[in-house]
Amino acid sequence: MFYRYIMHLAHIAFPENHYKLNIQIDDYSLANTSIEFRSELIRVIQEAFTNIIKHAKASQVDLWIYREIGKLCVVIKDNGKGMASGSKQNTMGIGNMKARLKKFEADFVLNSDDTGVEITISIPENTIKRNHETADL
């Protein structure tokens with residue numbers, strides 16, 4: 001269900017005649033995660049997509065969701081114009097993404113240059129499991 005929703009969202013946001021999409025979601029990356037976590041992750045991805053549409057002037061958008069040992073990784077990348085150096089971490093949209101991820105103790109890294117923006121999110125597996133167990137109570 002998550003994969004279908006993200007694909008639907010991406011195809012609406014990024015029409016094929018304007019953007020090249022590369023979306024890779026590992027089949028088991030979201031196993032044992034709560035609906036609350038998946039909902040927050042969808043909202044973070046949606047915010048990143050909105051920022052790309054509004055600001056990036058990109059022609060390619062990449063989204064990867066996969067597991068590494070002990071963590072879930074999410075990478076959102078575009079090939080747009082990048083961000084002005086002073087505005088990287090201080091926008092409302094980026095602040096909202098960080099706030100949504102804070103309860104999952106996620107690391108949020110934003111890299112930007114004149115070849116685009118890359119957001120890398122790492123969420124410790126133990127916080128996903130802990131929140132999943134709490135959601136089941």
Side-chain angles (χ1 to χ4, degrees):
M1 188 71 145
F2 180 89
Y3 178 81
R4 284 196 313 242
Y5 185 83
I6 292 297
M7 291 302 291
H8 179 72
L9 179 66
H11 286 293
I12 289 172
F14 306 111
E16 288 180 24
N17 58 335
H18 294 280
Y19 296 92
K20 180 179 178 191
L21 281 174
N22 177 24
I23 298 178
Q24 304 290 322
I25 301 175
D26 180 27
D27 290 338
Y28 300 102
S29 60
L30 296 167
N32 299 320
T33 60
S34 68
I35 290 174
E36 176 195 14
F37 172 75
R38 284 178 257 159
S39 295
E40 294 293 354
L41 187 55
I42 285 170
R43 288 182 180 96
V44 167
I45 293 167
Q46 190 172 19
E47 182 65 43
F49 284 1
T50 299
N51 287 344
I52 293 168
I53 293 165
K54 284 182 171 180
H55 308 293
K57 299 192 183 329
S59 61
Q60 176 157 343
V61 178
D62 300 319
L63 169 64
W64 302 295
I65 301 175
Y66 57 95
R67 285 248 172 139
E68 287 187 353
I69 296 173
K71 63 184 175 181
L72 176 72
C73 300
V74 179
V75 178
I76 306 161
K77 183 177 179 178
D78 69 62
N79 69 341
K81 64 180 185 168
M83 298 173 69
S85 60
S87 67
K88 282 185 187 178
Q89 304 292 327
N90 299 324
T91 66
M92 184 183 302
I94 292 169
N96 288 339
M97 287 189 272
K98 289 178 177 179
R100 289 186 181 283
L101 294 165
K102 186 175 183 175
K103 68 178 132 189
F104 302 104
E105 300 174 21
D107 288 328
F108 182 99
V109 177
L110 187 146
N111 291 306
S112 177
D113 60 25
D114 61 355
T115 64
V117 172
E118 180 174 305
I119 295 171
T120 304
I121 302 164
S122 300
I123 305 126
E125 199 169 82
N126 64 335
T127 63
I128 295 170
K129 286 182 179 177
R130 183 172 64 231
N131 281 292
H132 177 65
E133 291 165 2
T134 303
D136 289 342
L137 295 178

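Starting from 1, each residue takes its place in the sequence as its number. None of these values were measured; they are calculated from a predicted model.
Atoms NZ and OG, from Lys20 and Ser59 in turn, are 9.0 Å apart once rounded to the nearest 0.5 Å. Rounded to the nearest 0.5 Å, atoms CZ (Arg100) and CZ (Arg43) are 5.5 Å apart. For the atom pair CG of Asn96 and CG of Asn51, the computed distance is 9.5 Å after rounding to the nearest 0.5 Å.
At least one side-chain heavy atom of Ile94 sits less than 4.5 Å from a side-chain heavy atom of Met83. In this structure, Phe104 and Leu41 have side chains that are not in contact, with every pair of non-hydrogen atoms separated by 4.5 Å or more. Looking at Asn111 and Val109, their side chains come closer than 4.5 Å, going by heavy atoms from C-beta outward. Residues Ile121 and Leu101 meet the side-chain proximity criterion, which asks for heavy atoms closer than 4.5 Å. Taking the side chain as every heavy atom from C-beta outward, Leu30 and Phe37 approach each other to under 4.5 Å. Between Gln46 and Met97, the closest side-chain pair of non-hydrogen atoms is not below 4.5 Å. Counting heavy atoms from C-beta on, the side chains of Ile53 and Phe14 come closer than 4.5 Å. Looking at heavy atoms from C-beta onward, Leu72 lies in side-chain contact with Ile128 at the 4.5 angstrom threshold.
The salt bridge (Lys or Arg N to Asp or Glu O under 4.0 Å) pairs that include a residue from residues 49-68 are Arg67-Glu125, Glu68-Lys71, where partners are two or more places apart or lie in different chains.
A donor atom on one side chain and an acceptor atom on the other are not found under 3.5 Å apart for Thr115 and Asn79.
Put simply, the side chain of Arg38 never gets that close to the backbone of Phe2: no donor and acceptor are under 3.5 Å apart. Checked by atom type and distance alone, the side chain of Ser112 never pairs as donor or acceptor with a backbone atom of Gly82 at under 3.5 Å.
Put simply, Trp64 and Ile25 are part of two different groups of oily side chains (I, L, V, M, F, W, Y) that touch within less than 4.5 Å, one to the next. In the hydrophobic cluster analysis, where Ile, Leu, Val, Met, Phe, Trp and Tyr join through side-chain heavy atoms closer than 4.5 angstrom, Val75 is grouped apart from Ile23.
In terms of heavy-atom proximity, Cys73 sits nearest to Ser122 at SG-OG, 4.4 Å. Lys81 and His55 get closest at one heavy-atom pair: CE-O, 2.9 Å. A pairwise comparison of heavy atoms in Tyr66 and Asp26 identifies CA-CB, 4.0 Å as the closest pair.
When each of Thr91, Ile76, Ile119 is tested with Leu110 by the rule side chain to side chain contact (heavy atoms under 4.5 Å, CB included), just one qualifies, namely Ile119. A side chain to side chain contact (heavy atoms under 4.5 Å, CB included) with Arg4 holds for exactly one of His8, Met7, Met1; it is Met1. Shown are Asp78, Leu21, Leu9, Val74; of these, the side chain to side chain contact (heavy atoms under 4.5 Å, CB included) with Leu63 is made only by Val74.
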Glu47/Lys98 under salt bridge (charged side-chain N to carboxylate O under 4.0 Å, His left out): CA gap, chis, key distance, verdict:
CA-CA 11 Å; Glu47 182 65 43; Lys98 289 178 177 179; over 6 Å; no
Audit row: Asn22, Gln24, side-chain hydrogen bond (donor to acceptor under 3.5 Å, both in side chains) steps and yes/no:
CA-CA 7 Å; Asn22 177 24; Gln24 304 290 322; 3.2 Å; yes
Stepwise side-chain contact (heavy atoms from CB on, under 4.5 Å) test for Gln60 and Tyr19:
CA-CA 5 Å; Gln60 176 157 343; Tyr19 296 92; over 6 Å; no
